[in-house]
Structure formats: structure tokens, C-alpha cells
Amino acid sequence: MVITNKELQVSIYPVSEGSVTLASTCSVSLPVQKKIWWLAAKLREQEKYIDIVPGMNNLTVIFDPIAHDIEKIMSELLILWKNTDYIDNAHSLQREITISVNYGGHFGPDIEEVASLCKMSVTQLIECHSQGTYTVFFIGFQPGFAYLGGLEACIATPRRAEPRLEVPAGSIGIGGSQTGIYPKVSPGGWQLIGRTDAILFDPYREQPSLLLPGDTLRFAVNQVSSC
Amino acid sequence: MLEVVIPGLISSIQDLGRKNQMHIGVSHSGALDQLSFHLANRLVENPANTPALEIIMPPAIFTIHKDCWIALTGSFCSASLDNKVIWFGRRTQAKKGQTLKIGPIPRGLCCYLAISGGFTAPSLMNSSATDIKAGFGGHTKEGSTLKKGDHLAFGESYCKINQDVGIKLPFWDNTLRVITSAEYSQFTPKSQQSFFEQDWIVANSSNRMGFRLQGKPLNRIERTDILSQGVVRGVIQVPPNGQPIILAAEAQTTGGYPRIGTIIQADLWKLGQAGINQTLKFKPCSIDEAKEALMRQQAYLDRVEYILQSTR
């Protein structure tokens, strides 16, 4: 029961009797992800979904399989996806969040290693990282953990050979071509270059997650420490 | 109030979980065996989503400090009130000062203890469910499991209960029906066959995030990466080592491992009762059959409601 539409470059398939994923067959890109956010927002206007979950280049919806017919839902998704060709390509949630970072020192124990691997000085690394414009593609892995697009290729760095057992909450790391912030203490294999005091996830807040899919994120230098 | 004397291995306040939060990375959490959770509550005339206690791997001992009615469901084990036997699937009157002893469970994983009026657990993000992994919710709001000495408040009965009543609990078996995934064809024919034919064993690394299985590894024809996408309870992921992981209540909201299939919703309760070293088997199932099975389960629940109504 897979719908594959070559013209619309999309594949829609059941995950269970009560969930469906719509996946773009194009490569990952910001324009495609914008369509995913638009679609998620459109579906929220209806009240039939238990959860609507953006992923990387895809969207998963969860519903009551007795109350709703899965084939009908899959057809509706296809029709809505067709409409994404006509949406304003600049459409996004338009929120801009700035996160203040303490780079280096015990906040970013791997910063010198990363700078060295990227063949630049620590100052240049901080400049490059903090001047970037990042986009929250989606949230997953942990509450409030944002998958960010926009890391400059020149500071992409392989993960650590051995992950740490404990990465402090708020740590900012680089793992391959990704950068991100650990919301909570957890094991982690990314290279840590700094830390923020911002609380990425607080279950008591009205909107518990600081970041939402579609947000634009910037890092601001609060302070730079040396080891 | 209920006082915890012996908590059981992993005991926590649960309900049906947090909905509409997966887009910010928050799992539903909630009861592993939602069917037994539901039955326990209804037996003591609690509304369907009332906080109850999920006791993973008793023995557990509690002292009851207020008159109430209690009900136990889930994996069968011996249970007593002041050393007098009490039955599963039955509501029993409990008096202030009595000691409730539960378990151990000879076959299975967990029991549900519902109490008339429900546990007064605070609601966080629209649910009282304990998310142990994420560290919030439950009776302490911090995702804690029960420990010795904990005091759990519970409310007043929702209605007057006049008599005890028992119901026929659902019958457990180790065959779980699976809807094959869109990635099923990526697995070798031998692996597809082996997935449905072999006896899988639940590994002791399993937890409320996922049931990890041990068996003959499953292989894919092509090892292409899968982009992270939303996943649901019952999805069967196959990481590079070929040993399946079945996602459970506290699974991550998105996953990047290929999937071979998903357990049908009507059989998720059976997964929730799969203990360590339990053998599991899978059987293919279509989406239509899955819906039919869910409707039959709903019909069973409707019959339970009918029985309860007739005792009022």
C-alpha cells in the first residue's frame, strides 16, 4: 500500500494501521523541508491527528485507525503535497532564536582539537560557528533536541572515536556535518565546543521546547575561555 | 494513601501517555500494556485514563492507609491482602491498615494496580505518565520510579461500589501479528523467512524504551541509510547487527534504523507482557486484519462495560 508519485517526487506509506509517513524522494534540502513544515501546519488545522512528526525530509502522522480510513488519509496527504508547489517558498514559521554560548575552556573541551582538525585557529572556528545561520529541521532523539541544518562544511568534524559517558546539559557539539545542542545530560559522541545556559527543554513551560521545527537559530558569543 | 514497602523492580505511575508532543521529541510514555491498564481502572469504576501503578517485575508490598477498592490485572501472579488470596481481574475491597502483597510473576512482565478514585499524581504536559528516560512526570514529576517509603495519595471512589465483580481477562500468547514495512523488500528473502519462522528471545537489555530481541541476525540486500523519521510503538527496527528492537512506550520519537515491520495495535499489550527470556514469534498481518483485530478488542471492552453496568 505504498503510493509513489514520480511527478510530485514523493512516497507515502503506512508505518502501522494507525500511522503514515510522507517522504520526499528528493535529496535533503531546505526548500523541501519548508514544504514539510507547511504540510505539518496545514494538518494541525484538522483535528484528526494524534501526533504530527516532522523528520528529515519526511512527515509522519498518527491517527485512530478505527475512526479514520488509512487510504483516505494517504490520498489527502498526496493532494496537500501537490499544493506545496504553490506555497510561497519563503514560507516558514519565521521565528528567530538567538542562543548565547560560552565557547572553549571547560565548556568546550574539544574546541582546540576541532580547530586543529579543521586547520584553523580557535578564534576562526568560533567566528565561523557563531556567524552561521542555522535552521531547525526537526526535533527528535530527546525532548528539545534540534536537528540543525546550516553548518559550514569547513568546520564539519568527525565524531569522537569514543563517546563521553556524560555530556553536560546545554553542551554544543559538532558531529560530522551536524551541529546541535544537548538539552539534557546524556552520553554523547559529538565534539564539544561550547555550552549555553539556555534551557532547551522545560516540561513546566507553556511551550516546553525552546526550539521548534522551522525556527532560525543563531549562536551569539557570550564568552571565550581557554583551557 | 498507599505506602510503598517493597516497590518492585521498576514501578511507576502510568496512564495512557502524552499525546501531541512527539514533534518536540517527547515520547507518549504511559502503560506498556494499555489493555490491562484500562481493565484495572474500569474494574474500580475509574475513568479510562486514570493514573494507576505499573509494577514491572514484582514482588511488591504496599500498606493501604485508607478504605478503598483495588484491582489487579496484567501477568498473573499470587497476590494477597493481609495474607488472604485475592484474584486478578477482580475488584476487591481493601481496608485501612491492610498489607497488599503482589508477585513474583512466574511468566510475564508487569501488573497493573488500580485503586478506586485513582492515584493523585500531578499532571505534566497533559499526562501523569512517568517518563523514566526523559526524567519527568509521575508521582514526583521528575520521572522517578517508586522506592521504599514513598506515599502515594489516591482519591475518593468515583461512584458507590456495592459488590465485588470479576471479568475474564484476555488470554496471552507469544505470537505477535506484524504489518510488514515499506522497507520489508530491502531484506533478503532468507531474512524475511527467518523473521517469521524463528523463535526470538527477549534480551535482558530490554526496557520501557524497547524490547531487544536475540536470534539469527536479519540482513538487508542493500545497506542504504534511512533518513530519520517519526516512529510509533510497535515498530520493529533492525540495526546493523541484525538483532531487532521493538519500540515501546518510551522509545525515541524519530529513528534512522531500517524497519522490517510494525506490531499491530491489538497485539501491543502482548508485547508489553513479554518478560526477559520470553520467546516471541511473529505472524504476518494485513492492515485490514489489524483493524478487524482492534475492533474485536473494542468489542471485548464493550462487553466488560456491560458487565460492570449490570453490577451497579
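Chain A is the first sequence line, chain B the second, and so forth, proteins listed ahead of strands; every chain is numbered from 1.
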dist B:Q297:CD -> A:I66:CD1 (nearest 0.5 Å) comes out at 9.0 Å
Has B:T254 got a side-chain atom pairing as donor or acceptor with A:G55's backbone, closer than 3.5 angstrom?
no
Bottom line for A:R44: the part with an atom under 4.5 Å from chain B's heavy atoms is side chain
Worksheet item: Taking everything shown except A:E166 itself, do over 12 heavy atoms lie less than 6.0 Å from its CD?
Response: no
Under 4.5 Å to a heavy atom of chain A? For B:L294 that would be both
query: Taking side chain as C-beta onward, heavy atoms only, is B:K291 less than 4.5 Å from A:D69?
result: yes
Assert top hit (heavy-atom pairs under 4.5 Å, partner chain A, pool B:D288, B:V232, B:I263, B:V178) equals B:V232
When every non-hydrogen atom of A:I50 is compared with those of B:H28, the smallest separation belongs to CG2-CE1, 4.2 Å
When the 4.5 angstrom heavy-atom criterion is applied to A:F138 and chain B, the contacting part is side chain
Tightest non-hydrogen contact, residues A:V53 and B:G230, listed as CG1-CA, 4.0 Å
Q. So does B:R42 have more than 12 non-hydrogen atoms from other groups sitting under 6.0 Å from CZ?
A. yes
Nearest heavy-atom approach of A:S16 to B:T262 is CB-CG2, 3.7 Å
With chain B, the option among A:P65, A:S209, A:G140 that has the most non-hydrogen atom pairs under 4.5 Å is A:P65
Give a yes or no on whether B:E305 atom CD has more than 12 heavy-atom contacts from other residues, nucleotides or ligands under 6.0 Å away. yes
Whatever's closer than 4.5 Å to a heavy atom in chain A on B:I264 counts as both
Looking only at B:Q252, B:K19, B:H23, most heavy-atom pairs under 4.5 Å shared with chain A are made by B:H23
Exercise. Check whether more than 12 heavy atoms from other residues, nucleotides or ligands sit under 6.0 Å from atom NZ of B:K283, and answer yes or no.
Key: no
Open item on the list: If you apply the rule side-chain contact (heavy atoms from CB on, under 4.5 Å), what do you find for A:M56 with B:Q229, and how did you get there?
Closed with: CA-CA 6 Å; A:M56 187 68 89; B:Q229 52 195 269; over 6 Å; no
The interface call for A:E206 against chain B, heavy-atom contacts under 4.5 Å, is neither
| query | Can you check whether A:T60 reaches B:V231 side chain to side chain, under 4.5 Å on heavy atoms? | reply | no
Filtered by a 4.5 Å non-hydrogen cutoff, the part of residues 173-201 of chain A contacting chain B is A:K184, A:F201
Surrounding CD of A:Q207 (heavy atoms of other residues, nucleotides or ligands, distance under 6.0 Å), is the total greater than 12?
yes
The interface call for A:V28 against chain B, heavy-atom contacts under 4.5 Å, is side chain
- Counting only heavy atoms not in B:Y257, do more than 12 sit closer than 6.0 Å to its OH atom? no
Does A:D51 offer a backbone N or O that forms a donor-acceptor pair with the side chain of B:N20 under 3.5 Å?
no
So, the side chain of A:N57 versus the backbone of B:L227: is there a donor-acceptor pair under 3.5 Å, distance only? no
Can you check whether B:M22 reaches A:I52 side chain to side chain, under 4.5 Å on heavy atoms? no
- Query: Would the number of heavy atoms belonging to other residues, nucleotides or ligands and lying under 6.0 Å from CD of A:E152 be above 12?
  - Reply: no
ask   = Does the side chain of A:Y204 come within less than 4.5 Å of B:M125's, by heavy atoms?
value = no
| message | Heavy-atom count check: over 12 atoms from other residues, nucleotides or ligands less than 6.0 Å from B:K147 NZ? | response | no
Looking only at B:S286, B:A182, B:G135, B:S228, most heavy-atom pairs under 4.5 Å shared with chain A are made by B:S228
